[in-house]
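The structure appears right after this line, and notes come after that.
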Protein chains: 2
Amino acid sequence: MSEDKKTYCYEYPRPSVTTDCTIFGFDGIELNILLIKRGIEPFKGQWALPGGFVQMDETTEECARRELAEETGIRDLFLEQLYTFSDVNRDPRGRVITVSYFALVKSTDFKLVGGDDASDAQWFPINQVPSLAFDHDRILRVAHDRLKGKIKYEPIGFELLEEVFTIPQLQRVYESILGVQVDRRNFNRKIMSFDLLEAIENKVDGLGHKGARQFRFDKEKYQALKSRGFNFEL
Amino acid sequence: MSEDKKTYCYEYPRPSVTTDCTIFGFDGIELNILLIKRGIEPFKGQWALPGGFVQMDETTEECARRELAEETGIRDLFLEQLYTFSDVNRDPRGRVITVSYFALVKSTDFKLVGGDDASDAQWFPINQVPSLAFDHDRILRVAHDRLKGKIKYEPIGFELLEEVFTIPQLQRVYESILGVQVDRRNFNRKIMSFDLLEAIENKVDGLGHKGARQFRFDKEKYQALKSRGFNFEL
DNA sequence: ACAAAAGTGTTTGGAATACACCCATGC
DNA sequence: GCATGGGTGTATTCCAAACACTTTTGT
C-alpha cells in the first residue's frame, strides 16, 4: 500500500462483492470439503471457504474459478452458483456481498498446491468441519443441502470420481452425500437403466476381492437426452 | 444532481449491485408477469423487470421488497432468490451485478398502484412478453424455468391464488405453469392425499355450474411435516 | 477353502395412469 | 332438460423395494 494510492469514487456508496466456494471432494470413503486457513485479518488463522474479491473485468463465476486456481491450484471443475449472501454485517471489514458457488472435484485433482492468498489449504470430512470465518458455516450448510437435493435429479455424482469409475464407487458417493444406505442391486439396475454409462473393457482393480467393471459417464448422450425431455432421477 | 454532491471513494473499484424481480401472477386463466415501463435512460420507454440499487443498510431481499413496494405497491408476497447475473457488459451504465428474485403474488394483490421510479406497470401473459431492457429476457427465462421446476416439489401454487380457493382453480395454476393438461380425478386425489388442505364450509361460487368446494392451505402443517422429512411432490 | 466384494433375477406392494358415471346448478 | 363444471371409484400398469444366490479374487 503506497502513499499515492489510487482511489475510485462514486456518487453513491457501493458494497464490495466477493465470491466464496464450497468445494466437495470424495476420497473413496466419505465426503470432504476444502478449507483455507486465513493468512490475514480478519479471522486470521481461522478456516474459511476459498474466495476473494470480484474484479471489474470478470464475472462472478470467472472470479470463483480464478480464486480457486490461485488458492488451491484446482482447475476445470464442476462449478455452479449457489446463493448470494448479503447480510449487512456479515463481514467486519464493511459491506460485503458474496456470491457463493459450490464445486465438485474429481479425486484425481485432490492433490493441492499452496497458493499465495492463503497460508494453508486442507480437506475436512464433512462431519468434522471446524467453526468457520465470517458466515461461512451458514454457506456450507446451504451448499451441503443443495448438493443433497441436486444429486437426486441430476447426474453429478460422476464429478466426484475419476473419469473411469465403478458402480460400487458411485454408490458410495451417493451414500456418503445422502447419508443413507441403499441396496446394491436396486442401485445398479437404476443406474444402468439410464443407459448413460459406457463400459470400459479391461477391469483392473486389485484388492482382496473380485474386480469391478469400469465405466465412463457419457456426458454428450446425457445432454442430448436432457434436451429431449429426459429426466434423470435418483 | 447538485454541484457539491458527495462522493464515496474506495481503494479498489467496485461494481454496483441491484436487484430485479420476476413477478408471477395468475388471473384464473393464464400465467402473467409484471413489467415496468422504464421512465429514464437507459432503455427509456422499454419494458423491464422491476428493481433497483441495493442500499448499504439493507439485504438484497429487503431491497427487492422495497423496490417492489415502491414501484408496484405490492407487499407481503412470496419472494425467493433466483440467481445473480454478473456479465461484465450487461448494463450500459457500467459494471452492474444484479441479484434477481422471483415472486408469486395472489390474485387479490393484482391491483396495481403507480410508483415513482417507473411511469407504468403492467401485467403480460407469459407467452406475450415484449422484448425487455438489459438482460431481463434471460432473467425471465431463468425465472420461468425455476418456477416450472419448483412447483413440482414444493407447494407454492397456493401463493398465486387467494387465501381461499378451489381444487379446479389450483389445477389451472399447475396447468398454466407447466403447460400441460392433467386428469382432474388424479390431480384431486393427489392433492388431497397430502392432507394439507383445510375445507371451508360455505361453498359460494355462483357461475353456470355446480359450486366447487373451497379450501385453505395449511402452511403450519406443511412446515411441521416438512421438518419431519415429508416430501411434497407434484 | 474361505472371506470379501461384485454381479444378477424375482417377487411383491403401492402408486400413477387411464377411464366412466353421477350430481348440482344456471340458462 | 340440457349444457357445463364438479365430485367420486376402479382396473391396470409400472416402478420401487425387498430379498438370496452365484462368481471371482486374494490369502
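Model, not experiment: these values are computed from the prediction.
Regarding A/Q171, its CD atom lies at a distance of 14 Å from the P atom of C/dT8, rounded to whole Å. Summarising the geometry, the separation between CZ on B/R184 and C1' on C/dA18 is reported as 13 Å, rounded to the nearest angstrom. Distance A/K190 NZ to C/dT8 P: 18 Å, rounded to the nearest Å. Distance, A/M192 CE to C/dA6 C1': 12 Å, rounded to whole Å.
Of the candidates D/dC19, D/dG9, C/dT10, the closest approach to any side-chain atom of A/D183 belongs to D/dC19.
Aromatic ring centres of A/F165 and A/F215: separated by at least 6.0 Å. Ring centroids of A/Y174 and A/F187 are separated by less than 6.0 Å, placing the two rings close together. For A/F24 and A/F26, the gap between ring centers reaches or exceeds 6.0 Å.
Judged by distance alone with a 3.5 Å cut-off, no donor-acceptor contact links the side chain of A/N188 to the base of C/dA6.
Listed pair A/R213 / D/dT24 fails the phosphate criterion, with no side-chain N or O lying under 4.0 Å from OP1 or OP2.
Comparing A/E233 and A/R185 by the nucleotide of DNA chain D that holds the closest heavy atom to each, the one mapping nearer the 5' end is A/E233.
Counted by atom type alone, B/T18 and B/T98 present one or more donor-acceptor pairs between their side chains at under 3.5 Å.
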